[in-house]
Amino acid sequence: MKLEADFRDKVLAIVAQIPYGRVATYGSVALMSGYPRRARHVGHLLRGISEATADVIPWQRVVNSSGKLSTYKIGTGDLQKTLLEAEGITFTKTGGLKLKQLEWWLE
DNA sequence: TTGCTGACTTGGC
DNA sequence: AGCCAAGCCAGCA
């Protein structure tokens with residue numbers, strides 16, 4: 001396989017470690033996995049595994065650097081927002097997310 | 001090979 | 001807070 005195999009394993013390993021009620025940004029996940037400039041690919045990867053491994057991979061806990069959801073294109077609508085709110089994560093008036101207190105980094 | 005696209009990021013207004 | 005432009009790397013036509 002390509003280097004993507006390694007990339008995929010690392011990314012999934014990181015996302016799987018995100019604790020309940022916490023979130024991480026695409027850039028952070030890419031960074032923690034050892035691939036600094038791969039933020040876009042993290043999202044692309046999660047799109048593929050979202051339905052297949054949704055049970056073990058908390059993809060909904062991965063957001064963009066603005067503290068907002070990037071699922072405008074998935075079509076699932078506000079599913080991610082619903083899932084996050086179910087974990088106790090609160091959104092601001094502008095629909096943003098309190099990254100300052102919710103963003104998670106390597107344990 | 002080039003060129004476009006994308007679940008992104010950062011900096012400037 | 002919100003919009004725009006540039007940079008970024010892989011995949012695909």
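To find a chain, count down the sequence lines: A is the first, B the second, and so on, and within it residues start at 1.
Nearest nucleotide to the A:Arg37 side chain, out of B:dG6, C:dC8, B:dA7: C:dC8. Comparing C:dA1, B:dA7, B:dG6 by their nearest atom to the side chain of A:Ser70 picks out B:dA7. In the set C:dA1, B:dA7, C:dC9, the nucleotide with an atom closest to the side chain of A:Arg38 is C:dC9. You'll find that the side chain of A:Asn64 is closest to B:dC8, out of C:dG2, B:dC8, B:dA7.
In terms of the side chain to side chain contact (heavy atoms under 4.5 Å, CB included) criterion, residue partners of A:Leu31 (sequence neighbours excluded) are, by chain and number, A:Pro36, A:Trp105. Residues meeting the side chain to side chain contact (heavy atoms under 4.5 Å, CB included) test with A:Ala30, sequence neighbours left out: A:Arg38, A:Val42. Annotation: side chain to side chain contact (heavy atoms under 4.5 Å, CB included) contacts of A:Ile49 (sequence neighbours excluded): A:Leu12, A:Leu45, A:Leu46, A:Thr53, A:Ile57. Considering only residues two or more places apart in sequence or on other chains, A:Thr90 meets the side chain to side chain donor-acceptor pair (under 3.5 Å) condition with none of them. Residues forming a side chain to side chain donor-acceptor pair (under 3.5 Å) with A:Lys68 (at least two apart in sequence, or on another chain): none. Legend: residues meeting salt bridge (Lys or Arg N to Asp or Glu O under 4.0 Å) with A:Glu87, ordered by chain and number and at least two apart, are A:Arg61. Not counting sequence neighbours, A:Ser33 has no partner by the side chain to side chain donor-acceptor pair (under 3.5 Å) test. Judged as a side chain to side chain contact (heavy atoms under 4.5 Å, CB included), and not counting sequence neighbours, the contacts of A:Thr92 are A:Thr94, A:Lys98.
The residue among A:Val63 and A:His41 whose nearest nucleotide of DNA chain B lies closer to the 5′ end is A:His41.
Between the C1' atom of C:dG11 and the CZ atom of A:Phe7 lies a distance of 13 Å, rounded to the nearest Å. With rounding to whole Å, A:Leu69 atom CG is found 14 Å from B:dC8 atom C1'. The interatomic distance linking A:Leu31 (CG) with C:dC8 (P) rounds to 16 Å, in whole Å. Atom NZ in A:Lys93 sits about 17 Å away from atom C1' in C:dG2, given to the nearest Å. Rounded to an integer number of Å, the gap from A:Arg61 CZ to B:dA7 C1' is 17 Å. As rounded to whole Å, 13 Å separates atom C1' of C:dA10 from atom OH of A:Tyr35. For A:Trp59 and B:dC8, the CH2 to P distance is 13 Å, given to the nearest whole Å. Put simply, CZ on A:Arg47 is 5 Å from P on B:dA7, counting in whole angstrom units.
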For nucleotides 10-13 of chain B, which of its nitrogen or oxygen atoms have a protein nitrogen or oxygen under 3.5 Å away, and what is each distance?
none

Dump the pairs, protein N or O against N or O of nucleotides 5-7 of chain C, anything under 3.5 Å, distances to one decimal.
residue, atom, partner, partner atom, Å
C:dG7, O6, A:Arg40, NH1, 3.4

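In this structure, CZ on A:Arg40 lies 11.0 Å from OG on A:Ser70, to the nearest 0.5 angstrom.
Listed for the A:Gln80 side chain is a donor-acceptor partner under 3.5 Å among the backbone atoms of A:Val62.
Phosphate proximity of C:dG2 to A:Lys68: present, with a side-chain N or O under 4.0 Å from OP1 or OP2.
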DNA chain C in dot-bracket, Watson-Crick or G-U pairs under 3.5 Å, [ ] crossing, | other strand? .||||||.|||||
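Taking atom C1' on both B:dA7 and C:dA13, the two are 22 Å apart, rounded to the nearest angstrom.
The shortest distance between side-chain heavy atoms of A:Trp104 and A:Ile14 falls below 4.5 Å.
Sorted by first then second residue, the salt bridge (charged side-chain N to carboxylate O under 4.0 Å, His left out) pairs that include residues 21-31 of chain A, not counting sequence neighbours, number zero.
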